[in-house]
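Shown next, in structure tokens, is the structure this report addresses.
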Amino acid sequence: GLRSSLWLQFKPHQIAAGAAYLAAKYLNMDLASCPNIWMEFQTPPFILEGIMLSNQFQNGIETAKLAWARLPSTEDGEGDEVVGVSGNNDGGRVESLDYEVVENHAYREEQALRGKLYVGYYVGVKWFFALLIGVGTGLAAVFINISVENFAGWKFSLTFSVIQKSYVAGFLLYILINLVLVFSSAFIITNFAPAAAGSGIPEIKGYLNGVDTHGILLFRTLIGKIFGSIGSVGGGLALGKEGPLVHTGACIASLLGQGGSTKYHLNSRWLQFFNSDRDRRDLVTCGCAAGVAAAFRAPVGGVLFALEEVTSWWRSQLMWRVFFTSAIVAVVVRTAMGWCKSGKCGHFGSGGFIIWDISGGQEDYSFEELLPMAVIGVIGGLLGALFNQLTRYITYWRRNYLHKKGNRFKIIEVCLISVITSVISFGLPLFRKCSPCPEADPNFPIECPRPPGMYGNYVNFYCGKDKEYNDLATIFFNTQDDAIRNLFSAKTIHEYSAQSLLTFLVSCILILLPASSVMFYTLAVVTFGTAVPAGQFVPGIMIGSTYGRLVGMFVVSFYKKLNIEEGTYALLGAASFLGGSMRMTVSLCVIMVEITNNLKLLPLIMLVLLISKAVGDAFNEGLYEEQARLRGIPLLESRPKYEMRKMQAKEACGNQKVVYFPRVIKVADVVSSLKSNNHNGFPVIDHTRSGETLVIGLVLRSHLLVLLQSKVDFQHSPLPCDTGGGSLPIRHNFSEFVKPASSKGISIHDIHLGPDDLEMYIDLAPFVNRSPYIVPEDMSLTKGLYVPSEEMIPFAQVYNLFRQLGLRHIFVVPRASRVIGMITRKDLLIEETEDPATVELQSTSV
Ligand code: ATP
Ligand code: MG
């Protein structure tokens, strides 16, 4: 925003530019994506053509075209004037992360002081943290599960005991309990931790792509996520706890990485060991995998999920560590479950954690069955794509109309949805007649003759006699985990069909499954994006398994002779819907196999996933990408946009003037320049003796702010502090340059300097990153002109540089005039004996 004091310092043409800006804004031109008003701070030397930034790629094309608002400065200004407004207009909420290690002088000094021992210590601590993340996430998952199961348990037993007397009273009680749970969740989210709403996976995905969304990894978000998802899942909404667990894992990891929460005084100095965004990113990756591993008890699935879906950047060392974390989670969860078996955890027993053991189901499949299975894949792709599209519209509408009106509306909305959900889940089963329970199979002791009023596998709901159950109630009037277990199970249906097969089948096909499918679909669509923590896995599985089972029933009636289990089809349906909406393949496949414990179905799941992903991709993007886009997270996807293929680096940075700093600069100039724009990286230039200009590196805003705040580097003379090649005096510890994770550090407006300070100078040379990435101006953003297939885009193109190295800034320069050397692959192989220092430096970045 403009500060009123700044207005006084504007020149007339700048005010004109401001007016143009406001006019443009009034006309609803997309200002966030364009460089908007830009006025230069000094007449820069023409060394640099521009700076390109990650978020600019997203809008690269528009930006290049929209240089309209830039007015040329007519003043040959002194640096101290305030010169315009720039940067993001979204209040600067979305900034990138500095994954790049800033190799400035301070960093190098620090590295030089550290010996081999330090490297070992550093790696050791990383592994130790990986262990802690695993334990923490595992415990969080157990806590959430125990709480959810207990709340749901109380809810159902209370309702059932009231139902014995009056259905209406039971109905009202049920609605009320759900409402209270959901309200508590929404209340926590809206008032305490707004960043914890939704699944969190798009934001984490953004974080690992290099985008800092405000507040996603804070302590309060963690707390909000844990307690919020207990309320929302326990309250019976059509959502799951898996996405939130991924976010929980990531929060735990990030908090560990920054040594606890400073705001709540839960930090400790000795934990504050990792201070770069890069280290935090690695930990957060571990956290994501841990979350999935804990949610599904699928350790390998967790690793693959992190690899396939969330990270943009992966290394083999990371793979080991993530694998280790997931294994720890598996052990923790297993131990806790074992401990709970003996009834110490209330209602939390065999259920709770998702594990739908369908071993003992269909042993084999015949060739004829492949066709219906492929059909399931197609349906999944279509429904998944539709789901993404619908949720997109609804999210859009919510964001622009409903949620603008304030928190009260968010809470009312969720409560309304909760009531509707309760009415449906209580009301639908009333329309079904009960059927007698199946005979207990000695191999699978079933608990049908449960005292009426227990929830679980066979729900005795509105049934006249004992030993009867209501099949719709097993789906609706149940915790989702139990419902899915019923849908997947092979044994129930044997008994279903042993009854008067035909009437049953018809009624099933006509009422039971379509109703569930449609209802869940609608509920899931509507619930998505409300102000509570919400995962999409479990609703997805519910939707998928209902229509899968439906297809299964048709198949059974067609191929009577084959030994077909409808549970298998339910499972395939679930896989297909998740594939069609989330568009994952390998990780989903492994997760499905891990949660069902049935390796024999692997090829079928693969087939279905491939089909559903292909079908879905024909229509729109995956759920998480869509949501990330809606939330304004500038994700750099693995595949560049087609239009970018004809562009050059020069075009991407538009024609705004580069804001740069000379090597030795007056403090007042730094201050006014930092106030005048929102950029986070600035080139620093110097002059050689012969008078040529030289780019000596990139300085980050956060580092400049530290310098301004501490004042120790101020000097009186405008001369550089070293004259020979000697070492530069460093009065800073490198760790001072660290900004807090995922939140704003100090801002320029917090820094107050006296008039004496403003007259001093700073030599920036020790603080610049001397090796920023530089590309020639005519490098193509992606090379695609002559290479139609995306696989062949060479690495060296700008987009891929950004994406694969996780960059934040790239300098664009004219073609170099000289070449002083060549490096080839062989130069990068350092012999063991040669230079221990170099080897050390390399391994520090492990
Ligand atoms: P990010 O937002 O990714 O964290 P940043 O804050 O440094 O990076 P912004 O200021 O948000 O970058 O970038 C907005 C636009 O300003 C981009 O189009 C970019 O080309 C331009 N830009 C960034 N830094 C400079 C600079 N030092 N001089 C001139 N233009 C710049
Ligand atoms: Mg920015």
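Each ligand, and each atom within it, is numbered from 1 in the order the structure gives.
Comment: Glu625 engages Lys205 in a salt bridge, judged by a side-chain N to carboxylate O separation of less than 4.0 angstrom.
For ligand 1 and Phe682, the ligand atoms under 4.0 Å from any heavy atom of the residue are 27 (N). Counting the atoms of ligand 1 from 1 in the order shown, those under 4.0 Å from a heavy atom of Val658 are 28 (N), 29 (C). For ligand 1 and Asn678, the ligand atoms under 4.0 Å from any heavy atom of the residue are 6 (O), 10 (O). Within ligand 1, counting atoms from 1 as listed, the ones closer than 4.0 Å to a heavy atom of Glu95 are 1 (P), 2 (O), 4 (O), 5 (P), 6 (O), 8 (O). Below 4.0 Å from some heavy atom of Gly681 lie the following atoms of ligand 1, by number and element: 7 (O), 24 (N), 27 (N).
In summary, the side chains of Glu95 and Asn680 do present a donor paired with an acceptor at a separation below 3.5 Å, with no hydrogens or angles considered. Checking Arg701 against Asn677 by side-chain atom types alone, a donor-acceptor pair falls below 3.5 Å.
Here Val659 has heavy atoms under 4.0 Å from ligand 1 in both its backbone and its side chain.
The N, O or S atom of Glu95 lying closest to the Mg ion (ligand 2) is OE1.
Shown here is Arg803, whose CZ atom has more than 12 heavy atoms of other residues, nucleotides or ligands within 6.0 Å.
Across the listed options Lys657, Arg701, His809, His679, His679 owns the non-hydrogen atom lying nearest to atom 10 (O) of ligand 1.
Proximity of Leu707 to His703: side-chain heavy atoms (C-beta onward) are nowhere separated by under 4.5 Å.
Between Phe682 and Phe661, the two ring planes are tilted [angle within 30° to 60°].
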